[in-house]
Amino acid sequence: MNVFNGVTDIADYYRAETFARIKAFADQRETPFVVIDLPTIASAYDELVSNFSYADIYYAVKANPAEAILKLLRDRGANFDIASRYELDKVMALGVEPSRISYGNTIKKAVDIRYFYERGVRLFATDSEDDLNTIAREAPGSQVYVRVLTDGSQTADWPLSRKFGCETEMAVELLTLARELELKPYGVSFHVGSQQREIGSWDAALAKVKVIFERLFEEQGITLKMINMGGGFPANYISRTNDLATYAEEITRFLQEDFGDEFPRIILEPGRSLIANAGVLVSEVVLISRKSRTALHRWVFTDVGKFSGLIETLDESIKYPVYTEKNGELEGAVLAGPTCDSADIMYENFKYPLPLDLSSGDRLYWLSTGAYTTSYSAVEFNGFPPLAEYCIDE
Ligand SMILES: *Cc1c(COP(=O)(O)O)cnc(C)c1O
């Protein structure tokens, strides 16, 4: 664990002109809200494409479904990984063809599958026999890929393990059954866990994929054509990670080791890494208190909390960098939200170092908050409206 001393230098997270642009916009508005800097997303997308030139990008819409973001990615040629009818409607209303869409959720009703099929989607994820049978019935002839379990939960800050995916043996059985059901057994997917700090997780997952490719070919004569490597690429939070180029270099090497120079079709499904760094959540200190005259730390209550976008602070999993313009001596503080629920505490074990001259009315900037904030915000808890969001251009 590295030591965090509070964000004193905004330049560690944003280019000077980017933060100036965000701040100029933010200064004119009442908090709380997220500002999304669209040019930052555009360059993150371009960087991903140039590092993984052989891959097709399917944006995981759940990370942030703002229309301006979807349009930007649509215009840059991205495809879309979609989890529900509602996301599908939203993306298709923007003119995205169904050939650019995958239904990546393994948990879906028959009516949902039918809905996607009727709108032209032909690419479906699955990880169970029940779901596969439903796909065969409601989306006949479609391409299916099977999601396998991965073990990256120890090193991912927001693991997506256990709930999704199946064991290798089951994946082989499902892809074999897919052919019997007159579906197209197309490939294998995995997700190593979101904000995955250990690049070796992709190596372990690809080794499983390789076994499945080989067994299907040798035992069933089925040639799989696609590997969906999911998301998991990092955003800039407090814990340091390698940069994207290092991820790309290593993962490309793993692919070469397992598949030689002729890769199957490779799909990536980034969410967090494309969007998080483009967002700043601008909040205000509501109240600062101590629980006794001699208490060694303050409670700092802000006008945002777990129910207004910061749900990934659950178990203090994601530690956002927090910036203030006050620069007095630092002392650890508990950070909590404004609602009448004692679960609405963001950080209590990990005390954020905040200046002693911080006072109510001061702004706190939560950095790297573009992903998994607005889409998670509650509708009306204690009457507070959902987290507002503004997307800005240069
Ligand atoms: C959430 C999700 C992603 C995005 O993951 P990130 O770590 O945010 O990049 C990709 N694929 C699937 C299937 C997901 O559920």
Side-chain angles (χ1 to χ4, degrees), residues 41 44-45 47-49 51-52 55-66 69-70 73 78-84 86-88 91 101-108 112 116 121 123-128 131 144-150 152-153 155-166 171 186-199 201-202 205 209 226-237 239 241-242 244 247-248 251 266-279 311-312 314 317-318 320 368-376:
I41 297 178
Y45 183 80
E47 189 193 355
L48 188 71
V49 168
N51 276 290
F52 288 97
D56 293 327
I57 312 297
Y58 281 66
Y59 171 55
V61 173
K62 75 176 191 284
N64 189 325
I69 295 175
L70 299 176
L73 294 172
N79 307 284
F80 296 87
D81 177 56
I82 291 197
S84 70
Y86 313 101
E87 283 184 354
L88 180 68
V91 168
I101 290 170
S102 65
Y103 194 174
N105 194 344
T106 53
I107 305 156
K108 41 200 177 310
D112 300 328
F116 275 66
V121 176
L123 184 55
F124 294 82
T126 193
D127 63 2
S128 68
D131 183 55
V144 290
Y145 58 94
V146 171
R147 180 159 170 181
V148 290
L149 280 163
T150 57
S153 58
T155 47
D157 290 333
W158 195 257
L160 296 167
S161 49
R162 300 197 336 276
K163 181 170 170 184
F164 309 103
C166 62
Y186 188 51
V188 180
S189 76
F190 59 80
H191 194 303
V192 293
S194 199
Q195 189 70 10
Q196 177 56 263
R197 284 176 280 107
E198 177 55 67
I199 306 180
S201 304
W202 276 267
V209 174
M226 186 275 283
I227 304 173
N228 178 337
M229 301 200 292
F233 303 106
N236 291 333
Y237 300 125
S239 312
T241 59
N242 284 291
L244 185 69
Y247 277 73
I251 291 169
I266 302 293
I267 284 178
L268 300 178
E269 294 175 331
R272 189 183 302 281
S273 63
L274 282 185
I275 313 295
N277 300 336
I311 195 72
E312 287 197 324
L314 215 68
S317 302
I318 298 290
Y320 299 104
S368 307
T369 42
Y372 302 118
T373 51
T374 55
S375 53
Y376 270 140

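Ligands are counted one by one from 1 in listed order, and the atoms in each one are counted from 1 as well.
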Are [X] and ligand 1 in contact, using a heavy-atom cut-off of under 4.0 Å?
{"X": "Pro270", "value": "yes"}
{"X": "Phe164", "value": "no"}
{"X": "Arg147", "value": "yes"}

Which value, rounded to the nearest 0.5 Å, describes the distance between Thr374 atom OG1 and Asn64 atom CG?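 CG of Asn64 is found 4.0 Å from OG1 of Thr374.
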Angle between ring planes, Tyr247 versus Trp202, binned at 30° and 60°: parallel, tilted or perpendicular?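 Ring orientation, 0 to 90° scale: perpendicular.
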Please identify which atoms of ligand 1 are closer than 4.0 Å to at least one heavy atom of [X].
{"X": "Ala60", "answer": "3 (C), 4 (C), 10 (C)"}
{"X": "Gly232", "answer": "6 (P), 7 (O), 9 (O)"}
{"X": "Tyr372", "answer": "1 (C), 4 (C), 5 (O), 6 (P), 8 (O)"}
{"X": "Ser194", "answer": "6 (P), 7 (O), 8 (O)"}

What residue among Ile82, Ile267, Leu268 forms side chain to side chain contact (heavy atoms under 4.5 Å, CB included) with Tyr58?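 Result: among Ile82, Ile267, Leu268, Ile267 is the only option passing the side chain to side chain contact (heavy atoms under 4.5 Å, CB included) with Tyr58.
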Regarding atom 2 (C) of ligand 1: of the candidates Lys62, Gln195, Arg272, which has the closest heavy atom?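 When every heavy atom of Lys62, Gln195, Arg272 is considered, Lys62 comes closest to atom 2 (C) of ligand 1.
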Can you find a side-chain donor-acceptor pair between Asp157 and Ser317 that sits under 3.5 Å?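 Looking only at side-chain atoms, Ser317 and Asp157 do not form any donor-acceptor pair under 3.5 Å.
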